[in-house]
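It should be emphasised that the depicted structure is a prediction, and the values quoted were computed from it without experimental measurement.
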Amino acid sequence: MLHPELGAAQLSGLPEVPHVAVLAAYEHHLRWDGKPSYPIPNVPRKPNLASQMVAISDTYDAMVGAHGPTSGVHSLAARKVWRSRSETHLDPFLVGNFVLMVSEAE
């Protein structure tokens, strides 16, 4: 649960890394609906757009990307998780667009 903070700290020490990349590393586990998650920000907030996109691609990589070429079974499982987390953990608009992109690539 510390990897967002550790990753952001490591990235912030590199001069060529854009600020938005540091922010996305820090916020990518913050929930879209603003409910408690990690890391716990000092002031409750929604993650920025880049962080939300990283959160969606992170779930994709965890379920599909790390298992080799995309297969229908893994892709269906990913869609099920996205549907269950849409409007809570993940932005429903971004999820819908990501699912369209994944579907077109298959």
Side-chain angles (χ1 to χ4, degrees):
M1 290 180 61
L2 291 176
H3 80 272
E5 293 171 281
L6 295 173
Q10 288 179 341
L11 289 173
S12 68
L14 301 172
E16 66 275 7
V17 175
H19 176 71
V20 70
V22 175
L23 191 58
Y26 179 78
E27 291 184 341
H28 76 279
H29 282 289
L30 291 180
R31 289 172 54 126
W32 177 78
D33 63 6
K35 291 188 178 175
S37 188
Y38 69 93
I40 300 170
N42 294 333
V43 177
R45 67 174 195 260
K46 286 187 176 184
N48 73 45
L49 180 62
S51 302
Q52 293 174 49
M53 291 169 36
V54 168
I56 294 167
S57 60
D58 187 41
T59 60
Y60 180 83
D61 184 57
M63 292 181 288
V64 178
H67 303 291
T70 303
S71 70
V73 174
H74 290 116
S75 189
L76 291 173
R79 288 186 190 121
K80 185 176 181 178
V81 170
W82 287 324
R83 277 194 300 275
S84 71
R85 291 183 170 206
S86 182
E87 297 185 26
T88 57
H89 290 78
L90 304 170
D91 180 315
F93 178 76
L94 295 177
V95 167
N97 281 296
F98 196 85
V99 168
L100 286 174
M101 288 185 343
V102 169
S103 297
E104 289 176 5
E106 296 177 334

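The stretch residues 2-14 participates, sequence neighbours left out, in no salt bridge (charged side-chain N to carboxylate O under 4.0 Å, His left out) pair at all. For residues 35-58, the ring pair (Phe, Tyr, Trp, His ring centres under 6.0 Å) pairs, not counting sequence neighbours, are H29-Y38.
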Name the atoms and distances for all side-chain donor-acceptor pairs under 3.5 Å in residues 87-95, with sequence neighbours left out.
{"unit_1": "T88", "atom_1": "OG1", "unit_2": "R85", "atom_2": "O", "d": "3.0"}
{"unit_1": "H89", "atom_1": "NE2", "unit_2": "R31", "atom_2": "NH1", "d": "3.3"}
{"unit_1": "D91", "atom_1": "OD1", "unit_2": "F93", "atom_2": "N", "d": "2.7"}
{"unit_1": "D91", "atom_1": "OD1", "unit_2": "L94", "atom_2": "N", "d": "3.2"}
{"unit_1": "D91", "atom_1": "OD2", "unit_2": "W32", "atom_2": "NE1", "d": "3.2"}

Which donor-acceptor pairs under 3.5 Å do side chains of residues 12-25 form with protein atoms, sequence neighbours excluded?
{"unit_1": "S12", "atom_1": "OG", "unit_2": "A8", "atom_2": "O", "d": "3.3"}
{"unit_1": "S12", "atom_1": "OG", "unit_2": "A9", "atom_2": "O", "d": "2.8"}

Residues 46-57, side-chain donor-acceptor partners within the protein, below 3.5 Å, at least two apart:
{"unit_1": "N48", "atom_1": "OD1", "unit_2": "A50", "atom_2": "N", "d": "2.8"}
{"unit_1": "N48", "atom_1": "OD1", "unit_2": "S51", "atom_2": "N", "d": "2.8"}
{"unit_1": "N48", "atom_1": "OD1", "unit_2": "S51", "atom_2": "OG", "d": "3.3"}
{"unit_1": "N48", "atom_1": "ND2", "unit_2": "E27", "atom_2": "OE1", "d": "3.4"}
{"unit_1": "S51", "atom_1": "OG", "unit_2": "E27", "atom_2": "OE1", "d": "2.8"}
{"unit_1": "Q52", "atom_1": "NE2", "unit_2": "P47", "atom_2": "O", "d": "2.7"}
{"unit_1": "S57", "atom_1": "OG", "unit_2": "M53", "atom_2": "O", "d": "3.2"}
{"unit_1": "S57", "atom_1": "OG", "unit_2": "V54", "atom_2": "O", "d": "3.1"}

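L2 shares a hydrophobic cluster with L6; the chain of contacts runs through ILVMFWY side chains whose heavy atoms sit under 4.5 Å apart.
F98 pairs by the ring-ring contact (aromatic ring centres under 6.0 Å, His included) definition with Y60, W82, not counting sequence neighbours. Contacts of I40 classified as side-chain contact (heavy atoms from CB on, under 4.5 Å), with partners at least two apart in sequence or in another chain: none. For D58, the salt bridge (charged side-chain N to carboxylate O under 4.0 Å, His left out) test picks out no residue, with sequence neighbours left out.
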